[in-house]
Student: 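The structure follows.
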Amino acid sequence: MSSPPSVTVTRFAPSPSGNLHVGGARTALFCFAFAKGRHGRFVLRIEDTDQKRSSDAASLGFLKDLEWLGLRWDEGPVFEAPDGSSIGGGDHGPYFQSQRLEIYDAAITRLLEEGKAYEAFDTAEELDAARAAARAAGRPFRYDGAAALAMSDSDRAAARAGGKPGVVRFRSEGRAVTIRDEILGEATLPAGEVDDFVIRKADGFPTYHFAVVVDDESMGVTHVLRAQEHFNNTAKHLLLQEALGYRIPVYAHLPIIFNPDGSKMSKRDKDRALREAVVARGLEAPPNGRDGLPLCDQATFERWRGDKTVQLPGEVCSAIAEVLGVELPEINVEDFRRSGYLPEVLVNFLALNGWSPGNDLEKFDLAFLCERFSLERVVKTPAKFDRAKLLAFNLDALQAMDGETFLARLRAHGARYHPEFVARIGEANFAILAAASHPRSKTLDEVFRGNRFLVEPDDGIAWERTKAVEKALFKGEPTGLELLAAAKPELEAVAADDWSASSLEARLTAFCEAREVGNIGRIAQPLRIAVSGGTVSPPIFDTLAMLGRASTLARVDRCLASLSAAAS
RNA sequence: GGCCCCUUCGUCUAGCGGCCAGGACGUCAGGUUCUCAUCCUGAAAACAGGAGUUCGAUUCUCCUAGGGGUCACCA
């Protein structure tokens, strides 16, 4: 059943090698918005024609990320969303290219029969040599099909029988091709630019170019929105479409998203960040994980440490970073989710890289984007991904929430990424923590990362003698430590069943006034250090309330004992 | 290197022949605050360069420079 041409159909066609990264997410977002805004269909197709690089686990990861962003596909792999609803399916499947081999073969057979494609039996070595020769001569390599074309049927039969793996190449005849693009305009690749490219690999799988063209046709795709790096490829696709008698979809090539330094965003950035940290610390061996075993073997670690081109598996990279306390740059959608960004914020921010609604409007949701998105307003220039602005957007969105929503979303994030923390802190205290953190958090995750002291055992608190700690504890008259000792009886005077932020505040405010120590900060800071080990925590009375009477007093005692001795 | 594309504050962008070139993030300077963060005021900050076209160019054309993409049996 094919769609009437009046229906807009877009598709997002990732290859499942790795995770969905923000560039891909932005492409998917625009595809989604464009289709939805025109009451069309958004198709998801998995381009797994590279057997070496594809894996089932990776393709499933994509689905989860897209769903999280709110980009539900109308057709594609079937996926059960967390809310129990089902996404995907459709009449144009299968949606995994690896399951569509017969379809491609039929089309290739047709081209072969019509003389628009031919078999070739060049070895990788021969091709490499030809490429090297072209390079040495200072000209670009273009495949010369003369020899393959000159083969007779019996030559080919002999080659096949001899077990020589052959490929099928498209006969482009070196024609000039004009590409029409909704964003970039019109461009002509001169004759000779497109050579006889491979359409079926020796392993029997189609190449990307061929599969894309066949699938876009059979899935009724009317608009191809994809990254600008595909612009030149369009010439090949146009040639194939003409040879196969297909419709030509509208093309729109989206600007690429880069790192702030202009490099491509990729997993490599994580390896680089981790390697720098490892080298800076002089680490010679892989650290141990929670189970006490090294996170990877010594040889792998050394090779990775010394060679910038070597990458560690993603999980190993993250695990080592976590043990070392190194923050890796977020690259994949999952990374941003783990870091505590909101999906609606990521959607909003991603849309702003390459598109804007005009009129100085920056904050909007997915529905607005669907309604307003248009190709005319997509810019031509590549964007550099600005995490600082994303962070500011996230803060704004967090602050715009009501307390209840913040609590619910914080809880969901905690359940997913910090289950032990959530279990230990308990329901009532979690609510206090959420309320106290709400006005001061830029991400969901920092609430958990920054407040570990709340769930540590009392004797697990260690006091680092940083400058800020020294100042708060040992400077002034009286010193912070002396004030802390003096305030201890005040804390003890608050009964366990009266232990709340408000009673503590009343008590300690009175204490400050009586002692004429002035600002409440004079006692807040020593207390904060005593109970948390550091100089940063939620407002002090909330902090003490969450800790409870016993823990607070135990920690103050330990602090006094440990640091008074050190001071003298 | 060949071919293709691109060029407004540090960054994301608005602008579609006549604007004191606007907004946001960031930065800087003040202020509020028990830490952190938030919050409030204010400021600095851009049309890559050169020729044209035009009464008039950020806007149109060309050239130069710079940036990007692509030249696989990867997508």
Side-chain angles (χ1 to χ4, degrees), chain A residues 13-17 47-50 52-54 120 122-124 127-128 131 134-135 137-143 165-169 179 181 183-185 187-190 192-195 197-203 205-209 211-212 227-233 235 253 255-256 258 260 262 264 349 352-363 377 379-393 395 399 437-442 446 450 468 472 505 508 512 519-529 532 534-541 543:
Chain A
S15 68
S17 50
E47 311 227 325
D48 55 350
T49 55
D50 185 347
K52 290 188 289 295
R53 298 205 305 174
S54 297
D122 313 86
T123 63
L127 291 172
D128 285 346
R131 265 188 275 272
R135 186 174 191 77
R139 56 187 158 75
F141 170 74
R142 298 283 180 265
Y143 180 76
V167 301
V168 176
R169 285 179 179 269
I179 304 167
D181 184 281
I183 296 166
L184 297 173
T188 300
L189 297 199
E193 275 301 305
V194 181
D195 65 1
F197 55 95
V198 173
I199 57 178
R200 184 169 66 196
K201 300 180 265 188
D203 64 6
F205 277 68
T207 56
Y208 159 74
H209 304 296
V212 158
Q228 246 168 46
E229 60 198 85
H230 287 295
F231 185 77
N232 289 295
N233 289 335
H253 289 91
I256 304 177
F258 291 102
K264 244 182 178 171
F349 184 71
L352 248 19
N353 278 258
W355 182 83
S356 74
N359 295 120
D360 294 338
L361 183 63
E362 283 199 309
K363 302 290 178 66
R377 292 197 66 88
V379 302
K380 303 176 177 185
T381 54
K384 290 177 182 138
F385 195 81
D386 183 358
R387 283 191 181 71
K389 186 161 180 172
L390 172 63
L391 199 55
F393 270 42
L395 169 75
Q399 297 213 348
S437 303
H438 190 178
R440 58 194 355 91
S441 301
K442 294 187 174 184
E446 71 186 45
E505 178 163 14
L508 288 169
C512 284
N519 201 305
I520 191 81
R522 287 284 281 126
I523 185 61
Q525 208 49 356
L527 267 172
R528 174 172 284 117
I529 292 166
S532 77
T535 55
V536 177
S537 87
I540 191 62
F541 305 115
T543 301

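Protein chains get the first letters and strands the later ones, always in sequence-line order, with residue 1 at the start of each.
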Student: Answer with base, sugar-phosphate or nothing: what part of the nucleic acid does A:Glu47 contact at a heavy-atom distance below 4.0 Å?
Tutor: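 Sugar-phosphate only.
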Student: Need one value for A:Pro14: base, sugar-phosphate or nothing, where a base atom within 4.0 Å counts as base even if backbone is also close, heavy atoms only.
Tutor: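 No contact at all - A:Pro14 keeps every heavy atom at 4.0 Å or more from the nucleic acid.
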Student: Looking at the side chain of A:Val379, which of B:G69, B:A14, B:A37 is the nearest nucleotide?
Tutor: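 So the nucleotide nearest the side chain must be B:A14.
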Student: Apply side-chain hydrogen bond (donor to acceptor under 3.5 Å, both in side chains) to the pair A:Ser537 and A:Ser532, showing each step before the final yes or no.
Tutor: CA-CA 7 Å; A:Ser537 87; A:Ser532 77; 5.5 Å; no
Student: Answer yes or no: side-chain N or O of A:Arg522 and base N or O of B:C34 forming a donor-acceptor pair under 3.5 Å.
Tutor: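 When only heavy-atom distances are counted, A:Arg522 does not reach the base of B:C34 through any donor-acceptor pair under 3.5 Å.
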Student: Determine which nucleotide pairs with B:G2, using a 3.5 Å limit on both distances of a Watson-Crick or G-U wobble pair.
Tutor: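 When the pairing criteria are applied, B:U70 turns out to be the nucleotide that pairs with B:G2.
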Student: Among B:U38, B:C5, B:C6, which is the nearest nucleotide to the side chain of A:Thr381?
Tutor: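 For the A:Thr381 side chain, the nearest candidate turns out to be B:C6.
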Student: What's the closest nucleotide to the side chain of A:Ala202 if the choices are B:U38, B:C73, B:C6?
Tutor: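 So the nucleotide nearest the side chain must be B:C73.
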Student: From C-beta outward on A:Leu395, which listed nucleotide comes closest to its side chain: B:U38, B:C73, B:A75?
Tutor: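 Among B:U38, B:C73, B:A75, the one nearest the side chain of A:Leu395 is B:U38.
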Student: Using purine N1 to pyrimidine N3 plus N6-O4 or O6-N4 for Watson-Crick, or N1-O2 and O6-N3 for G-U wobble, both under 3.5 Å, which nucleotide pairs with B:C19?
Tutor: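 Pairing partner, where one exists within any strand: none, as none qualifies.
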Student: Would you call A:Lys389-A:Glu362 a salt bridge at under 4.0 Å N-O?
Tutor: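 Counted as a salt bridge, because a side-chain N and a carboxylate O are separated by less than 4.0 Å.
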Student: Compute both the distance and the angle, then confirm whether A:Arg169 meets the cation-pi test with A:Tyr143: under 6.0 Å from the six-membered ring centre, within 45 degrees of the axis.
Tutor: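 Yes, A:Arg169 sits over the ring of A:Tyr143.
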Student: Need the pair for B:A65. Rule: Watson-Crick or G-U wobble, both distances under 3.5 Å, any strand; none if unpaired.
Tutor: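 Paired with B:U7.
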Student: Just name whichever nucleotide pairs with B:C36, Watson-Crick or G-U, keeping both distances under 3.5 Å, else none.
Tutor: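 Answer to the pairing question: none, since B:C36 forms no Watson-Crick or G-U pair.
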Student: Paired with B:G42: which nucleotide, if any, by Watson-Crick or G-U wobble criteria at under 3.5 Å for both distances?
Tutor: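 By the stated definition (distances under 3.5 Å), B:C28 pairs with B:G42.
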Student: From the options B:G23, B:C73, B:C34, select the nucleotide whose nearest atom is closest to the side chain of A:Glu362.
Tutor: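 Nucleotide nearest to A:Glu362's side chain: B:G23.
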Student: Please name the nucleotide paired to B:U59 by Watson-Crick or G-U wobble geometry with both distances under 3.5 Å, or report none.
Tutor: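 Matched B:U59 with nothing under the 3.5 Å cut-off.
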Student: With respect to the side chain of A:Phe541, which nucleotide from B:C36, B:C34, B:C74 is positioned closest?
Tutor: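 Nearest listed nucleotide: B:C34.
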Student: Can you tell which of B:C73, B:C4, B:U35 lies closest to the side chain of A:Leu127?
Tutor: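 Output: B:C73.
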Student: Please state how far atom NZ in A:Lys389 lies from atom P in B:U11, giving the value in whole angstrom units.
Tutor: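 Rounded to the whole Å, the gap is 13 Å.
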Student: Is the Lys NZ or Arg CZ of A:Lys363 less than 6.0 Å from the centre of A:Phe393's six-membered ring, within 45° of the axis?
Tutor: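 So A:Lys363 does make the cation-pi contact.
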Student: Where the side chain of A:Phe258 is concerned, which of B:G68, B:U70, B:U35 is the nearest nucleotide?
Tutor: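 Closest nucleotide among those given: B:G68.
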Student: Looking at every strand, decide which applies to A:Pro539 at a 4.0 Å heavy-atom threshold: base, sugar-phosphate, or nothing.
Tutor: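 Since a base atom lies under 4.0 Å of A:Pro539, the category is base.
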Student: Just to be sure I understand the rule, does A:Ile540 reach a base, reach only the sugar-phosphate, or reach nothing, if contact means heavy atoms closer than 4.0 Å?
Tutor: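 If one applies the 4.0 Å heavy-atom cut-off, A:Ile540 turns out to touch a base.
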Student: Which of the following nucleotides, B:G23, B:C12, B:A75, is nearest to the side chain of A:Asp360?
Tutor: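 Closest of the options to the side chain of A:Asp360: B:G23.
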Student: State whether the distance check finds a donor on one side and an acceptor on the other, under 3.5 Å, for side chain A:Gln228 versus base B:G69.
Tutor: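 Side chain to base: no pair present.
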Student: Can you find a donor-acceptor pair, distance only, under 3.5 Å between A:Arg387 side chain and B:U11 base?
Tutor: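 Answer no: no donor N or O sits under 3.5 Å from an acceptor.
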Student: Among B:U7, B:G68, B:G1, find the nucleotide with the atom closest to the side chain of A:Pro140.
Tutor: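 Of the candidates, B:G1 comes closest.
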